[in-house]
Amino acid sequence: MKKVGYLVFFFIYTVILNAQITGIVKNSDSIPIEYVNVALYSLPDSILKKGTVTDSLGNFTIFENDVENTFLKFSMIGYSPEIVATKPFQTIVLNASSTQLSEITVSAQIIQSFGSKDNLIIPASIKEKSASALSAIGQMPQFRLNVLSNVLETVDNQKIIILINGTNASEQELMSIQPQDVRRIEHYTQPPARYANLNAGAVINVITRTPDASGFSGMINTKNSFTTGYGTNTVNAKWYNEHNQLSLNYFIDYRNLDDNRINQNFEYRLDGMDYKNTYKGLPGSYKGEYHIFRVNYINHRENNYTFSAKTTYRINPGKENHTQETTVIENDNEPIIGEASKLLKSNYNSISTDLYFSKTLPNEQEITANVVGTHFNSTSMNELSRNLPGEQGNYTYINDIKNTSGSVIGEAFYNKQFRKQNFTIGGRYFYKNLKQTYNSGNKYSLSQQKLYAYSGLSGSINKINYNAEIGVEHSIQSISSEESAKQFTVLKPSISASYALSKSSSIRLNSLLQSNTPDISSLTTTPIYLNYKYASIGNSNLKPYYTLYNRLQYQLSLPKFFLSTSARNSYLINPYLITLQDKGTEIIRTWDVKESMSYTALDINSRWTPLEWLTIQPYFSVGYSQFANNDGTSFNDWSKMLSISATFTYKNFKLLSQWGSSYTNLQGDFIEKRMPYYVGELSWTKNQATFALQYIHNPNPIISYSNSNILKFREETIWNNFQNLITVSFVYSFTSEKESSIRENQKMNNQDNDSGLRNEQIAK
């Protein structure tokens, strides 16, 4: 009887053992590898039986009863494939493959789509020859890095919300991360419900590698020009052990330009008089700096909790000084020639404190909370004058503004992970109060509150992955001069789904109803004079409006070729756009409500590596926009954009060449036209050091003009210092590791970026 018991136990043990195949996959540095393809094949016919991918810790599990005469194959682009006999548990080591480093790792085999989310892996060929995580991500086919402003955008020029390990971050922080430390990028082509009220086109969450050690690391990232005053530099230092991490970061971006020019033409009729004013720009100057100081402390217990405290100080002084030769014609009389000048000084400083806490609960549950307090001081002094022979037509306008504001943001959410679904529910509260003084006399205050609740469900059904989310926002706007506050409630539903057509292609549909809420600076009613009898003013009566957005996208991902085509449409219901108004004695530029606006576009984006040393990335977009006024009139505009970049690599060298065409942006009664640019860069990378020479040609960045009969206006900005700008870059990173490390696992962070100054009040 005892022998029978042993036989039964042995039989059950054998069945259980054969029913589950587990293991872990690591690289040659013993770091777990995520999203490795694990396939179970039968012998001798090599027929695929089952497959899976490794998780964030490199683990995999395959359930299969019949494992006799089978083998496992492990594959991932950038690594040599590994074939082993099937065992109940084993550790697999993958070695980097030099023959596959140039391949584009965006194939469906390792890039999984989950509704509106793609998991992207940066190819080893890009990482090896990139100075930072920012430059590496900017070379991915889904994104574009503006080399002049260091702003990361989608290929169709939409704003991107950047997260690092789940917490809100910026391009400056990506500059402080080594590209080799980026494990993957979670790319949300449609912002999740938590971010639906932030008016962004996409969200990326950059998941970084956590070193299996404790110690000290640092990075220096510099780019400076010896032809003019221009530079972007950051220094980062981090100390860490098993449960604690302390990091310090300093960022500075500066400009010292001495040949900026502005050409302007104004034609309008006021109070029975016709005015034609022409302003020819003379050499002007701009001096500006942007400093960020950041200290961050994290205390973490694996699979238990994370606490973070961060303090950030920002300061942004700027001074813009222009002179112009002006020609004035009134009622077709003889031209009068004189001189005009503009002096604009602006500055803001802010300090914010950020507290974050996340707790892991049993059964795949998590709660997270975040509180941020921010204090702003901002000033703007704009002096505009014109001197003509005689006194008629001369003017001097002084716009002196001082702002003080404080804000509090609090957010909490709960997340539950099921087997094939993920459920999230949360809420955010925002309060901001702004006190403004205009020309040392007029004073008023404005406050804004927003309460936002959201919930979302994501999951998969066979080959379909989906996201279904909804958010509700209630906002309150209060101005000191008004008796009662204004209150608005808006909904933000969204749904997205992706379907895998094959291992290398997929189709995705995004559909959402966005609401756009005015920020506090656009509600301020302080007039800013821009020219003779022409002023800009905010509108305190603005209220939220809806945008219905739909996008259909097809993606093809092959080892050396990536293609993405999409058709998208935005329909804006009662939007507030830039509007020109004739007030009899003055022309006012403000925001006003239009009946509707629509924008339809077709995008084609690809990345092709025909040779191991050559990568070509073209992008083309054509769009049609139209808005309707409340009086039945309408205006439309066609916009086309073409850009192409080519990357040549040889050993440790990389040559990047990028050209972009002009494109227009309809903003209401104004159209902004971005002019062509060219960038060339030669870099050399070895180990942790990168040297680069960069050439920038962008002397005419912006032309704006009006499409209204009230004012015929054209303005051209000329940056002669960017005619042939040459910069020198140096990046160096270092690490001193010991035994164990802390894992950063933050899920949220918030930040107030509204200084209270409108765009025309800021020197740039």
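A search for salt bridge (Lys or Arg N to Asp or Glu O under 4.0 Å) contacts involving E364 returns nothing, not counting sequence neighbours. Contacts of R568 classified as side chain to side chain donor-acceptor pair (under 3.5 Å), with partners at least two apart in sequence or in another chain: D156, D603. With sequence neighbours excluded, the residues forming a side chain to side chain donor-acceptor pair (under 3.5 Å) with S643 are R144, listed by chain and number. In terms of the side chain to side chain donor-acceptor pair (under 3.5 Å) criterion, Y499 has no residue partners (sequence neighbours excluded). Take Y414 and apply the side chain to side chain donor-acceptor pair (under 3.5 Å) test, not counting sequence neighbours, and it matches Q365.
A donor and an acceptor atom, one from each side chain of N299 and Y305, are located under 3.5 Å apart. No donor-acceptor contact under 3.5 angstrom links the side chains of S639 and N665, judged on distance only. Side-chain contact check for Y454 and E473: no donor-acceptor pair (N or O, by modelled atom type) lies under 3.5 Å.
You'll find the ring centres of Y576 and Y545 inside the 6.0 Å limit.
Here salt bridge (Lys or Arg N to Asp or Glu O under 4.0 Å) pairs that include residues 166-178, with residues two or more places apart or in two chains, are E173-R294.
The CZ atom of F357 sits 6.5 Å away from the CD1 atom of I367 when rounded to the nearest 0.5 Å. The CG atom of D181 sits 8.0 Å away from the OG atom of S733 when rounded to the nearest 0.5 Å. Rounded to the nearest 0.5 Å, atoms OG1 (T232) and CE (M175) are 6.0 Å apart.
Counted within 6.0 Å of NZ on K359, heavy atoms from surrounding residues, nucleotides or ligands total more than 12; the atom is thus considered enclosed.
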